[in-house]
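The structure appears right after this line, and notes come after that.
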Amino acid sequence: MPSFKRNCFTATRFPRTGLALATALAASLSMTSAHAAGEVEVLHWWTSGGEARAANVLKELMEAEGYGWQDFAVAGGGGETAMTVLKSRAMSGNPPSAAQIKGPEIQEWGELGLLGELDEVADAEGWDDLLPETVADIMRYDGQYVAVPVNVHRVNWLWGNPDVLEQAGVEMPTTLDELFAAGEAIREAGFIPLAHGGQAWQDATVFETVLLATGGTEFFQRALVDLDPEALGSEQMIEALETFKRLRELMDEDMSGRDWNIATSMVINGDAAMQLMGDWAKGEFTAAELTAGEDYLCAAAPGTADAFTFNIDSLAMFRVEGEEHEAQQALARLVLEPTFQEAFNLAKGSIPARPDLDMSEFDACARQSLEDFQRTAEEGGLVPSMAHGMAVRADVQGAIFDVVTNYFNARDMEAEQAAQRMVNAAQAAL
Ligand code: GAL
């Protein structure tokens, strides 16, 4: 875990006067506005171009109802820095109204007794009927809703630049063998085959996708969700690690520390052919006004067409009182309403958290995502992303990240050794 440095995040607050002005304007513009005050402070890590556009949808909807929005944006893909900042705020007894907290971590915050419940809104809005059980389950602590889902991201995607692929005479690869073969041709044509950012969470994102491709969903579940020591130390794990490390051949030398959205921009501007990344990358293509299927391509990551690694973003609610509580409950209600779900997810690259919405505005990648989500939920193949905090608790995730990233960067660590470290990491954390 990197140590927390004050200058590595940005916490943007709107000046009081600006906020008052915006609120007054929104209130006078909105037909529905009846609320006078109440303000939410929302911690999140949606700071790339596409993500900021998406987050802004919620701010505008709150303001249109007359509520205030204090943006607590903490830069850093994957949210590790955001979580460090959140912990220090909560420890000082001053948590925000809501924070981007996901998966099993919601349970950890619930156990600390810091989360407030949303049952009144959930009952009034019929969340039990709106949400798939897989999603609703994650949002409850001790039987009560404490968080609200904003979306469903798919992690196992490959993004491609069609011009670069064409110049190299290759197509989007569907297997890992094809990926390595295409990589050689792309390199010979003078491009970087795979854009990557050397940060622990990005290494882990690519690693879990390779493990899914080489080992399949059952193995993924045993190793990265159930933390079965036999699976973690197995031949299959060694194969996944070795294949993952071979991907370095397709990456460039300057990847160390690079942010994920910079890697996406390398695909956008034609320096690189492809990127393995979750569909928040689509938010960057969308923000650059590019069209799916024409200006850029999406496909299930090579070897994973039958699987779906899910990553559900959610906002968990802290215990707050008075007007802030009222505003917080409105925030929760707005998040699951169709207006937000559509506008946010169009900008974010994900699909709505509720499956009953009209998808006609969404592109082919999003429609494929929804179809694959539903198919894999029914037929098997739907797995929670370890790299994005959906599978295991934060301490185990951190320990696995360390092994993965150290192995990926080490000159002299064998895959066998890394697999053994993986066993130890999971055991120590249990
Ligand atoms: C994920 C998060 C996404 C996106 C991504 C990059 O963990 O779920 O919403 O923000 O990190 O930061």
Side-chain angles (χ1 to χ4, degrees), residues 2 8-10 42-58 71-86 98-106 135 138-139 147-157 159 195-209 224 257-265 275-287 308-316 335 340-341 344-353 366 369 373 383-394 397-398 400-401:
C8 65
F9 73 96
T10 53
V42 184
L43 176 139
H44 61 88
W45 63 91
W46 295 322
T47 56
S48 75
E51 292 175 325
R53 281 174 80 229
N56 204 42
V57 171
L58 194 50
D71 202 42
F72 191 173
V74 181
E80 210 175 338
T81 316
M83 286 302 106
T84 309
V85 174
L86 179 62
Q100 188 184 350
I101 302 178
K102 308 188 298 182
E105 246 190 305
I106 295 174
V135 180
I138 300 169
M139 304 302 138
V148 59
V150 299
N151 63 6
V152 178
H153 271 303
R154 183 185 199 174
V155 180
N156 57 318
W157 277 116
W159 307 96
H196 181 66
Q199 297 175 344
W201 74 271
Q202 292 188 64
D203 294 344
T205 300
V206 173
F207 168 68
E208 74 172 17
T209 301
L224 298 183
R258 177 188 290 141
D259 286 330
W260 68 270
N261 53 318
I262 304 297
T264 309
S265 71
Q275 182 185 16
L276 281 165
M277 186 49 66
D279 44 20
W280 44 94
K282 189 155 72 77
E284 299 308 294
F285 290 104
T286 308
F308 189 115
T309 329
F310 70 84
N311 169 24
I312 300 167
D313 282 316
S314 46
L315 293 176
V335 162
F340 170 78
Q341 286 285 323
F344 178 87
N345 286 302
L346 281 170
K348 188 75 166 71
S350 36
I351 54 172
S369 184
F373 180 65
V383 282
S385 166
M386 181 281 298
H388 293 277
M390 302 306 297
V392 292
R393 290 186 169 233
Q397 185 202 36
I400 297 178
F401 275 22

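Just so we're clear, the structure is a prediction, and the values are computed from it rather than from any experiment. Residue numbers count from 1 along this sequence. In listed order, ligands and their atoms are each counted from 1.
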Name the closest protein heavy atom to [atom], giving the residue it belongs to and the distance to 0.1 Å.
atom: atom 1 (C) of ligand 1; answer: H388 ND1, 3.4 Å
atom: atom 11 (O) of ligand 1; answer: W45 NE1, 3.3 Å
atom: atom 2 (C) of ligand 1; answer: D313 OD1, 3.4 Å

Tell me whether [X] has any N or O atom under 3.5 angstrom from an N or O of ligand 1.
X: G76; answer: no
X: W280; answer: no
X: W201; answer: no

Would you tell me whether D313 and H388 have side-chain atoms, one donor and one acceptor, within less than 3.5 Å of each other?
->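 Judged by distance alone, the side chains do not pair up.
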Show which atoms of ligand 1 fall inside a sub-4.0 Å distance from at least one heavy-atom site of [X].
X: G77; value: 12 (O)
X: W46; value: 9 (O), 10 (O)
X: K348; value: 3 (C), 4 (C), 9 (O), 10 (O)
X: E51; value: 4 (C), 5 (C), 6 (C), 10 (O), 12 (O)

Run the contact test for G78 against ligand 1 with a 4.0 Å cut-off on heavy atoms, strictly below, and give the result.
->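 Per 4.0 Å heavy-atom rule, G78 contacts ligand 1.
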Salt bridge (charged side-chain N to carboxylate O under 4.0 Å, His left out) with E105: which residues, sequence neighbours excluded?
-> none
Any donor and acceptor pair, going by atom type alone, linking the side chain of E284 with main-chain N or O of W260 inside 3.5 Å?
->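 No; judged by distance alone, with no hydrogens or angles, the pair does not exist.
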Indicate yes or no for a side-chain donor-acceptor contact from Q275 to the backbone of H196 under 3.5 Å, with no hydrogens or angles considered.
-> no
Contacts of W46 that satisfy ring pair (Phe, Tyr, Trp, His ring centres under 6.0 Å) - sequence neighbours left out =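 Scan of W46 (ring pair (Phe, Tyr, Trp, His ring centres under 6.0 Å), adjacent residues dropped) gives H44, F344.
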Name the orientation class of the two ring planes belonging to F310 and F373 (parallel below 30°, tilted from 30 to 60°, perpendicular beyond 60°).
-> perpendicular
Indicate the ring-plane relationship of W280 and H153, choosing parallel, tilted or perpendicular according to the 30° and 60° boundaries.
->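 If you compare the ring of W280 with that of H153, the planes turn out perpendicular.
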For N345 and S350 the tightest heavy-atom approach is OD1-OG, 2.6 Å
